[in-house]
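One structure is given below, encoded as structure tokens.
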Amino acid sequence: MSKPRVAIFDFACCEGCQLQIVNMEEEIIDLLSVVTPVEWREAISDQSTEYDIAIIEGSITRPEDEERLKTIRDRAKVLIALGACATIGGVNKLKNNFGMDDVKSSVYGEARDMPHLSTYPTKAADEIVKVDYKVHGCPIDNREFAYIVKCIATGKEPVIPYYPVCVECKEKENVCRFEYGEICLGPITRAGCDARCPSNGAWCFGCRGFVDDPNMNAGREILEKYGKTVEDLMHRIVLFNTGRKEE
Amino acid sequence: MDARTMKDIYLPEPATLLEVKPFTEMETYYRIKLDSGRPLGHKPGQFAEISLAGIGEAPISISSSPVKTDHFEMVIRNVGNLTRALRTLKDGDRVGIRGPFGTSFPVNDVMKGKDLLYICGGMGLVPMRSVIQYTLDHRDDYGEITICYGTKSPSERLFTDELENWGKRKDIAFLETVDRGDDSWKGNVGVITKLMPGISIDPHKTVALVCGPPIMYKFVLLELRKMEMSNENIYMSLERHMKCGVGKCGHCQINGLYACQDGPVFKYSEIADVKEAI
Amino acid sequence: MSYYKMSEEDLRQWVDHLLSKVTVYGVQAKGDRFAFNALNDSSSLRLDYDVTILPPKKYFLPPKETLLSYKGQKYDSVVDEKPFVLFGVHPYDLAAIRQMDKIFSSDNNDIHYMTRRNNATIVALDVQTPSAHNFSGNMNTAVIEGEYDILLTKVDSSYVVDVRTGKGKELIKGMSGLVTAEMALVDSRHKVWEENKSRLRAYPLKPSLSEIPGLLDKSREHPVWAEKAELCFSCGSCVMVCPTCYCFDVQDEAEWDLSSGKRIRSWDGCMLERFALVAGGHNFRKTKEERYRHRYYRKGKYVAEKVGEISCVGCGRCVSACVPGIANPCEVYNRLKED
Amino acid sequence: MGKSIDINVHHVTRVEGHGNILVKAQDGKIEKVEWQVPEAPRFFEAMVRGRNYLDIQTIVSRICGICSVTHSLAAIKGVEDALEIEVSPQTDKLRILAHYSEQVESHSLHLGYLVAPDLLGVNSVVPLVASHPDVVKTVISLHKLGNQWMELLTGRMTHPVTIVPGGFTKLPTEAELRGLQKKIKEGIPALNTLKDVILSLASRLPAFDRPTEYVAVKDKSVYSFYHGDIASTDIEKTEDVHNFESCVNEYVSPQSTAKWTKWHRDSYAVGALARFNVNADLLLPMAKDVAKEFGLKKGCCNPYMNNVAQLLELYQVAEHGLQLIDEVLTASIKPEKPVSRPKAGEGVGCVEAPRGILFHRYAFDARGNCTRANICIPTGQNHANIQKDFEVLVPQFMDRGQDELKLIMEMLVRSYDPCISCSTHFLNIDFV
Ligand SMILES: Cc1cc2nc3c(=O)[nH]c(=O)nc-3n(C[C@H](O)[C@H](O)[C@H](O)COP(=O)(O)OP(=O)(O)OC[C@H]3O[C@@H](n4cnc5c(N)ncnc54)[C@H](O)[C@@H]3O)c2cc1C
Ligand code: SF4
Ligand code: SF4
Ligand code: SF4
């Protein structure tokens, strides 16, 4: 591909993943040497319908967004889902644990039935269109983003960790959160974040989605060993992985 | 040990692709020369690591006979990053080479003077071709030579010119089959083991050499047993995931054996009890 | 061979002296645990630690390291030649380094590992505080003879400094007021050693060490593999923390110019799902059970046969790192012996 | 000239989130002037129900990537208020320090990447890389300072990890804090460069005054972002944060269906200018000097001057940040662990986001699970004020022609530094 044209689009999300691109700081200039941005509402004023690579941030929560996503997919040669909202639904899927009417009235009360408040259970991008690459995480890790962009530019399939966060957590020489009696989602969550949360004294929240074959059965038995229940585990899992069985 | 005088076992040597030729939809043929002019110096059955900077490295069998020293040949199936990138290269492009590595077929001792039975499934012909060529180059050193070759379909046959040649030769028996035929295919149809009952050999003066996809070995071995071949006289080349090729990375372990160093060519009697081998 | 006697205070002074000349990695507190890290001054050095979270292998085989750099299709070796001192290595970890040395120097010499190794001076330290999971007493590695440049043993309130090699001598050179240890003190280390051999046995090991390879030979179909593996997360924690595990992966990473970059080696592990997966999609150890079994065969037989001793040094790190609590080599080998 | 105008900016660019501007005028008669927000509603208040108090800040930080620390802090304060958790002075100082990092990150991003292109007459920061490399370098260095500062205190750039109810999961070391102090000091020359650039372009900020009410947090002795009551330029007395609902007075506008806010007038403004108008006397010397240089005085009612107020706040947090680090270092870092336990209760957390005052209210059951939440975000509070500005601005600037009017209107929206994706509570109006 000769210098691909890139457009970035956002759906329901906090735009924190786009911010990670901005957070590349000086490296953005390098990034611009590899791709040409043609639409990026948060950073530039241009808008375009012609692009090779579309980067999608955010979840799909309304019928009109679904249509917009399909149009983008049709136009783009390559579609990248950026961040947990797009790759797995992320926190937006917490909503799916409730009825939609309940969700609307609890926030908007009387106004809940207004047409622009239409909302349906949150979907990740790949529940609607084919996604070519996923940049996992909430927010994404911009080094991984840079790596994936470079791979696409060189025609290489990026090698994304398939194994759990524990691998990186060990490399970071952390004490396992389970030793502190906490439930950590590290053993079932895809690595690639450098065990960011455990390395900062927290448990893994599971924002990169599950590994290919999470051992849920083990999860259950082990909880007993640590005096926890399946409910405790689910309470934690729903945060980023509501309704997500496995990748 | 002074680091400066030690050789870096991971450092590829520069090499040039003399010829790049697509063989089938999936496989591409490469003729390669080391830039230093040094002959690769491989033995039949060995492999080398081929590198493309930025993409990666992979173990690939050397497909040509060691008799040719000014270049060597490889045939590579497009299955992933490196192999896909290699397919886009042109004559004159550069690659990196490490090797040769691994064990080889015993052309100069065990095989000498024996009848040879080659059984190659699909890509298995690629490593086997180096030893087939070698034994044909030294035809007088060996007894009867039988080559069995099976592919999934006629379009997947490799080295078709050579196959035709083998078919015409009177001093060897060449048998072929495909799993599924097509309109143009006039030959045998069926899996490779279907060829075997028709072959009559003297199990005591025959060496069998086997290479093919993981699934093939079990069935071929059953047939060889029926022919009363002893495990001592069966050689096979095995594939495993490999990262270093020099016995460090751990990926290619077959129980306690390293496919990169103890293999890829194994005498079957040495691995008959190695549970993960077949 | 020479023996000196130092108080803990002298020892710290010595470390500070070293720090003015060379990088020293020593054990420091990390939260409520311990880890090897670069020392800034001797005050944070802990000689009473029980076990470090990661073994010192990280200094010879780092979690991530650049093997080569490339520009176009031209490669160059990247070799880390900085000398350093590893201060306070316990005997079991030293035994593991001895095994790794064999792996990385035999047959094909790995200059990346070996250069670091040759540039390292190792100050060993006899265990003062046993960790809760250490069973090095069972593995013959609670005490080590040789392999080190200097060995420190705390006897009562002073340290015996046993200088073994030229590198060791170099390290102690320039220290003023060195006091030679009297022979009685040197000999009294045997008491410490005997004590360590018997107290570093957090778990019983029923088979003898020489028995283990044979036991494994006949235990491929043993039910213990499936039973334990049932709970395995394939998380690789056990291999990452193991001082004798050395499997690795290699990947290329491009710079932004897309034509130059690095070939990077990183830790990998046979417990991870795709470790033995080949291009055609065939996974030679597809199930958790196969992978779990492989690890114990590697420790007790495969690598053991290569290096001449059981490839578990009994540090107990895998025992504490495994969330489901299934990674205890003693438990596994005992089961094989029992049935 | 300028008789008929038809502006339809579908998604104002270089703002966080989606907002549209609509103006229709026929023969000089204005038919429609609207500020719309078609952002997909995200329902955070509904989603946190049933979640444990330990998870609240993790969820609500995802309301907004650019004010994630602020949302986390508001949530944590709300939780601690409800659960009656007291934190140590060390935690308090380090939180304020963490909060400052976001002001630096957000303000420098806003001024450098989003506003500067307008002032320099280009479409985005991209052409500036070639035309004004020094400006870009300066902006990057400040933005990076904010991010490194944030990463040190919160464990990450965007979506903090370490700040939790009761304290910090991981504390910075004293050496790291000293390193930060050094970096902040090194950042001051960059700030001066940015200031000089903006000063040289200040004349390009449209001259437009519209008196309105300004609302911000007020504390006794510091220019506050974190502690304090609710203050308004329309009244003397401050209001307790627990009564925030009676200040924001969310209502449905007859002109649109959006929920807007008002207090003593039709609309009020929040943000840097509001904070300045409320707290100007408490600025530290460096920021005071900058105000003087720009001629910015308390009582300013030109919304475009919000950009200048942001600039002087950069000085303010840098100077106060240095002081806070000194105080923490003097007391030396104590290894405290966060302590908290579940309990039924209700509480409010109020802090200043870079773009204005933010309120979170939560109720918890005895197990510490959330039963109710109400979040009132600054951009929601500014929407009505933007609309009112538009209504006065359009007739004043209509003569300038469609293109310039459009730019001036976009610049107005950007000057509020709206963070529309935050608008969990904002309803939009019919689209044309
Ligand atoms: C001794 C030996 C001889 C071989 N000879 C030939 C040959 O002559 N012709 C040929 O086409 N192929 C041969 N192979 C297989 C070849 O090495 C793999 O197809 C190649 O490594 C795939 O690399 P890639 O970068 O294209 O794929 P990747 O993108 O790296 O991977 C695709 C898939 O292959 C797996 N894989 C990665 N590396 C290896 C590896 N080194 N070995 C096996 N699987 C891997 C990955 O896990 C993944 O599932 C041989 C392998 C061995 C061990
Ligand atoms: S803290 Fe979490 S990620 Fe780290 S090792 Fe433990 S379970 Fe795995
Ligand atoms: S197997 Fe476990 S106990 Fe043995 S050396 Fe490795 S980590 Fe230590
Ligand atoms: S640490 Fe335990 S769960 Fe993880 S791979 Fe090893 S045995 Fe399996």
Side-chain angles (χ1 to χ4, degrees), chain B residues 1-16 35 51-58 77-83 93-96 101 122-123 213-215 238-261 273 275-277, chain C residues 67-68 70-77 79 81 103-115 117-119 220 245-254 258-261 263 265 268-270 274-285 290 294 297-298 301-306:
Chain B
M1 277 172 287
D2 178 8
R4 284 166 207 286
T5 60
M6 282 195 272
K7 193 170 140 259
D8 187 349
I9 46 174
Y10 306 112
L11 186 68
E13 259 186 76
T16 301
D35 289 356
S51 268
L52 204 51
I55 310 288
E57 201 176 41
R77 174 175 283 180
N78 171 9
V79 290
N81 263 330
L82 178 77
T83 49
D93 280 344
R94 311 282 297 279
V95 294
F101 297 127
M123 285 294 286
I215 178 88
L238 300 182
E239 189 198 338
R240 287 296 184 276
H241 191 152
M242 267 177 207
K243 273 297 168 188
C244 70
V246 288
K248 309 282 182 232
C249 79
H251 281 274
C252 72
Q253 262 199 299
I254 305 172
N255 295 111
L257 301 169
Y258 277 79
C260 66
Q261 293 206 294
D273 293 332
K275 292 292 192 288
E276 291 177 347
Chain C
L67 293 179
L68 308 170
Y70 65 84
K71 219 170 172 50
Q73 290 301 321
K74 199 186 161 314
Y75 302 84
D76 278 310
S77 290
V79 180
E81 296 186 86
I103 299 286
F104 282 93
S105 65
S106 64
D107 299 334
N108 296 296
N109 210 310
D110 183 310
I111 65 167
H112 306 274
Y113 177 98
M114 288 313 294
T115 305
R117 184 64 186 87
N118 293 334
N119 284 332
R220 262 188 78 82
C245 278
Y246 56 85
C247 294
F248 58 82
D249 185 26
V250 179
Q251 296 290 342
D252 285 9
E253 268 182 40
L258 305 183
S259 65
S260 61
R263 182 157 290 170
R265 153 157 84 188
D268 203 337
C270 61
R274 294 190 204 163
F275 186 77
L277 179 72
V278 295
H282 191 87
N283 191 337
F284 285 94
R285 278 185 294 277
E290 289 168 303
H294 183 70
Y297 270 77
R298 236 178 111 87
K301 183 169 160 58
Y302 308 153
V303 181
E305 282 165 0
K306 263 179 125 79

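Only a predicted model underlies this, so the values are computations on that prediction, with no experimental measurement involved. Throughout, a chain's letter reflects where its sequence line sits, starting with A, and its residues are numbered from 1.
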Fill in: When B:Arg240, B:Glu57, B:Arg94, B:Glu13 are compared by non-hydrogen pairs under 4.5 Å with chain C, the top option
B:Arg240

Worksheet item: Between B:Cys249, B:Pro12, B:Pro213, which has the largest tally of heavy atom pairs under 4.5 Å with chain C?
Response: B:Cys249

Worksheet, complete the sentence: In terms of heavy-atom pairs under 4.5 Å with chain B, the winner among C:Gly72, C:Ser106, C:Cys270, C:Cys247 is C:Cys247

Worksheet entry | Atom of C:Tyr246, atom of B:Lys248 and distance for their closest heavy-atom approach | CE1-O, 3.1 Å

Worksheet entry | When C:Glu253, C:Lys71, C:Gln73 are compared by non-hydrogen pairs under 4.5 Å with chain B, the top option | C:Gln73

Practice prompt. Could you please spell out the steps behind the side chain to side chain contact (heavy atoms under 4.5 Å, CB included) verdict for C:Arg220 and B:Asn255?
Written response: CA-CA 11 Å; C:Arg220 262 188 78 82; B:Asn255 295 111; 3.2 Å; yes

Worksheet item: In terms of heavy-atom pairs under 4.5 Å with chain B, which of C:Ala304, C:Gly261, C:Ser77 leads?
Response: C:Ser77

Worksheet item: What's the spacing between B:Asn81 CG and C:Gln251 CD if we round to 0.5 Å?
Response: 8.0 Å

Worksheet item: Under the side chain to side chain contact (heavy atoms under 4.5 Å, CB included) criterion, do B:Glu276 and C:His294 qualify, and how do the steps go?
Response: CA-CA 10 Å; B:Glu276 291 177 347; C:His294 183 70; 4.2 Å; yes

Worksheet item: Once you round to the nearest 0.5 Å, how far does CD1 of C:Ile111 lie from NZ of B:Lys7?
Response: 10.0 Å

Fill in: Residue among B:Gly247, B:Gly80, B:Pro214 with most heavy-atom pairs under 4.5 Å to chain C
B:Pro214

Worksheet item: Within a radius of less than 6.0 Å around CD1 of B:Ile215, do more than 12 heavy atoms belonging to other residues, nucleotides or ligands occur?
Response: no

Worksheet entry | Residue selection (most heavy-atom pairs with chain B, distance under 4.5 Å) from C:Tyr70, C:Tyr113, C:Phe104, C:Tyr297 | C:Tyr70

Worksheet item: Should the ring pair B:Tyr10 and C:His112 be called parallel, tilted or perpendicular, given that the plane angle runs from 0 to 90° and is split at 30 and 60?
Response: tilted

Worksheet item: Looking at B:His241 and C:Phe275, what are the two nearest heavy atoms and their distance?
Response: ND1-O, 3.7 Å

Item to complete: Go through the atoms of C:Arg274 and report whether side chain, backbone, both or neither lie under 4.5 Å from a heavy atom of chain B.
Response: backbone

Worksheet item: Side chains of B:Lys243 and C:Asp268: does their closest heavy-atom pair fall under 4.5 Å?
Response: no

Item to complete: Heavy atoms only, distances under 4.5 angstrom: which of C:Arg263, C:Lys74, C:Lys301 has the most pairs with chain B? Name it, please.
Response: C:Arg263

Item to complete: Answer with side chain, backbone, both or neither: which region of B:Pro14 has an atom nearer than 4.5 Å to a non-hydrogen atom of chain C?
Response: neither

Practice prompt. Enter the distance from C:Asp76:CG to B:Leu11:CG here, rounded to the nearest 0.5 Å.
Written response: 7.5 Å

Item to complete: Return the option, out of C:Asn108, C:Val278, C:Asn283, with the maximum number of heavy-atom pairs under 4.5 Å with chain B.
Response: C:Asn108

Worksheet item: So which part of B:Leu52 gets closer than 4.5 Å to some heavy atom of chain C, the side chain, the backbone, both or neither?
Response: both

Worksheet item: What part of C:Lys306 lies closer than 4.5 angstrom to a heavy atom of chain B: side chain, backbone, both or neither?
Response: side chain

Fill in: Segment of B:Tyr258 engaging chain C (4.5 angstrom heavy-atom cut-off)
side chain

Fill in: B:Ile55 versus chain C, the contacting section by heavy-atom distance below 4.5 Å
backbone

Practice prompt. Heavy atoms only: give me the nearest C:Tyr75-B:Ser51 pair and the separation to one decimal.
Written response: OH-CB, 3.2 Å

Worksheet, complete the sentence: Here the pair of heavy atoms bringing B:Val79 nearest to C:Ala279 is CG2-CB, 3.3 Å

Discussion item. Counting only non-hydrogen atoms closer than 4.5 Å, does C:Leu67 touch chain B with its backbone (N, CA, C, O), its side chain (CB onward), both, or neither?
Written reply: both

